[in-house]
Trainee: 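Quick one: structure below, then a few questions.
Side chains are part of it too, since the values below use all heavy atoms of this structure and drop only hydrogens, waters and symmetry mates.
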Amino acid sequence: PVYNIVLGCITGAIWLGVSVVILSLTGVIHINGRNQISMLWLWLFSAFINSVMQEVLVRGYLYQMIKNNYNIVVAVLISTGLFTFAHGGAFEAGILPVLNVITVTAVLEYTESLVAPIVIHFLWNGVGAIILGGVSLAEDYPHLFNMVISGNSILSGGSCKIEGSIVVLFMNLIL
């Protein structure tokens with residue numbers, strides 16, 4: 001389990017960190033201000049619990065059940081579809097965010113554990129959304145920094161924020 005926690009931390013930090021650096025260097029994102037968040041720790045804890053519950057339900061239960069009864073391709077397609085459907089508006093965002101969901105399933109297959117996908121999912125939501133403001137979560141989640149996204153939507157992610165960026169997908173594929 002410690003190996004999977006470390007792997008998840010390293011992978012998640014590289015995935016998010018390198019993506020943000022590349023997007024910053026290309027000029028499609030920048031930070032424009034900071035917000036006050038009371039009880040930031042509670043929001044981060046909420047994002048952690050949310051990540052755990054989603055991973056346990058989708059990849060820990062549904063994916064495994066479908067994979068055991070059918071095959072890995074059917075499991076990936078159905079669990080990714082359900083996961084994406086549960087994230088309102090994700091299908092309108094196009095194929096890139098959907099492909100990013102599949103790559104976290106690849107981490108599950110590689111590690112044979114839910115721990116690394118949970119850590120990666122939490123870093124994405126906790127740091128990417130609550131700290132940086134560059135990942136879409138529910139409207140009631142605050143963000144510490146105001147990330148401004150502009151320019152080519154394939155590169156920047158457009159209205160999907162960075163999770164719709166081709167840079168994030170390439171980082172996923174590399175990792």
Side-chain angles (χ1 to χ4, degrees), residues 1-25 39-84 86-87 90 95-138 141 143-145 147 157 160-175:
V2 173
Y3 168 78
N4 288 325
I5 293 171
V6 171
L7 179 67
C9 287
I10 291 169
T11 304
I14 291 171
W15 177 35
L16 182 59
V18 172
S19 297
V20 167
V21 167
I22 291 170
L23 292 170
S24 294
L25 292 174
M39 297 194 303
L40 177 60
W41 66 270
L42 185 58
W43 287 105
L44 291 171
F45 181 70
S46 170
F48 177 72
I49 295 300
N50 182 286
S51 298
V52 169
M53 296 309 296
Q54 287 181 30
E55 292 299 328
V56 167
L57 175 63
V58 174
R59 290 189 184 87
Y61 177 69
L62 291 172
Y63 174 80
Q64 299 298 336
M65 180 184 66
I66 296 166
K67 180 180 156 187
N68 290 337
N69 289 316
Y70 297 95
N71 61 52
I72 193 168
V73 173
V74 173
V76 167
L77 292 174
I78 292 174
S79 65
T80 300
L82 290 171
F83 186 88
T84 307
H87 289 76
I95 191 69
L96 294 177
V98 175
L99 293 174
N100 287 327
V101 171
I102 293 173
T103 60
V104 178
T105 304
V107 172
L108 170 67
E109 284 295 325
Y110 175 76
T111 62
E112 298 180 350
S113 168
L114 276 177
V115 174
I118 287 169
V119 171
I120 291 169
H121 193 155
F122 167 67
L123 288 173
W124 185 256
N125 288 350
V127 176
I130 296 173
I131 302 296
L132 296 176
V135 173
S136 299
L137 287 182
Y141 276 89
H143 49 275
L144 186 60
F145 293 103
M147 183 180 285
C160 309
K161 300 191 174 182
I162 67 171
E163 57 200 331
S165 169
I166 193 90
V167 172
V168 172
L169 177 61
F170 282 143
M171 285 307 303
N172 271 333
L173 295 174
I174 289 167
L175 292 170

Trainee: Using side-chain heavy atoms (C-beta onward) and a distance below 4.5 Å, is L40 in contact with I131?
Mentor: yes
Trainee: Apply side chain to side chain contact (heavy atoms under 4.5 Å, CB included) to residues N172 and I102 and explain how you reach the verdict.
Mentor: CA-CA 9 Å; N172 271 333; I102 293 173; over 6 Å; no
Trainee: So for atom CZ, which belongs to F48, do other residues, nucleotides or ligands contribute more than 12 heavy atoms lying within a distance under 6.0 Å?
Mentor: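 No, because the 6.0 Å sphere around CZ of F48 holds 12 heavy atoms or fewer from other groups.
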Trainee: Between T105 and R59, is there a side-chain donor-acceptor contact under 3.5 Å, judged purely by atom types and distance?
Mentor: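 T105 and R59 do have a side-chain donor-acceptor pair below 3.5 Å.
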Trainee: Which residues satisfy the side chain to side chain contact (heavy atoms under 4.5 Å, CB included) test with E163, sequence neighbours excluded?
Mentor: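 Side chain to side chain contact (heavy atoms under 4.5 Å, CB included) list for E163, sorted by chain: W124, V135, S136.
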Trainee: Going by heavy atoms in the side chains, are L96 and C160 under 4.5 Å from each other?
Mentor: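 Not in contact.
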Trainee: In chain order, what residues pass the ring pair (Phe, Tyr, Trp, His ring centres under 6.0 Å) check against F83, with sequence neighbours excluded?
Mentor: H87, H121
Trainee: Which pair of non-hydrogen atoms, one from A116 and one from V107, has the smallest distance, and what is that distance?
Mentor: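 A116 and V107 have their closest heavy atoms at CB-CG1, 3.7 Å.
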Trainee: Please answer whether the main-chain N or O of L42 pairs with a side-chain N or O of S46 as donor and acceptor at a distance below 3.5 Å.
Mentor: no
Trainee: Could you tell me the separation between the CG atom of L169 and the CG atom of L173, rounded to the nearest 0.5 Å?
Mentor: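 Taking CG in L169 and CG in L173, the distance rounds to 4.5 Å.
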Trainee: Show, in sequence, the C-alpha distance, side-chain angles and deciding distance for V168 and W15, and conclude whether the side chain to side chain contact (heavy atoms under 4.5 Å, CB included) test is met.
Mentor: CA-CA 7 Å; V168 172; W15 177 35; 3.2 Å; yes
Trainee: Would you check if there is a donor-acceptor pair between the side chains of N50 and Q54 at a distance under 3.5 Å?
Mentor: yes
Trainee: Is there a side chain to side chain contact (heavy atoms under 4.5 Å, CB included) between L137 and N125 once you walk through the steps?
Mentor: CA-CA 7 Å; L137 287 182; N125 288 350; 3.6 Å; yes
Trainee: Within a strict 4.5 Å, meaning less than it, do heavy atoms of the I72 and Y63 side chains meet?
Mentor: yes
Trainee: Any side-chain to backbone donor/acceptor pair from T103 onto N100? Under 3.5 Å, distance only.
Mentor: yes
Trainee: Distance from T11 atom OG1 to N4 atom CG, nearest 0.5 Å?
Mentor: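 With rounding to 0.5 Å, OG1 (T11) is 10.0 Å from CG (N4).
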Trainee: Would you mind reporting whether M171 and V20 have side-chain heavy atoms less than 4.5 Å apart?
Mentor: no
Trainee: Side-chain contact test, heavy atoms from C-beta onward, threshold under 4.5 Å: evaluate it for E55 versus I120 and give yes or no.
Mentor: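 No; the side chains remain at least 4.5 Å from each other.
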Trainee: Can you confirm whether L108 sits close enough to L114 that some side-chain heavy atom of one is under 4.5 Å from a side-chain heavy atom of the other?
Mentor: yes
Trainee: What distance do I22 atom CD1 and I162 atom CD1 have between them, rounded to the nearest 0.5 Å?
Mentor: 11.0 Å
Trainee: Suppose we screen for side chain to side chain contact (heavy atoms under 4.5 Å, CB included). Which residues come up paired with I66, at least two apart in sequence or across chains?
Mentor: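 In terms of side chain to side chain contact (heavy atoms under 4.5 Å, CB included), with neighbours along the sequence ignored, I66 is linked to Y70, V74, A75, I78.
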Trainee: Decide if atom CE of M65 counts as having more than 12 heavy atoms of other residues, nucleotides or ligands within a radius under 6.0 Å.
Mentor: yes
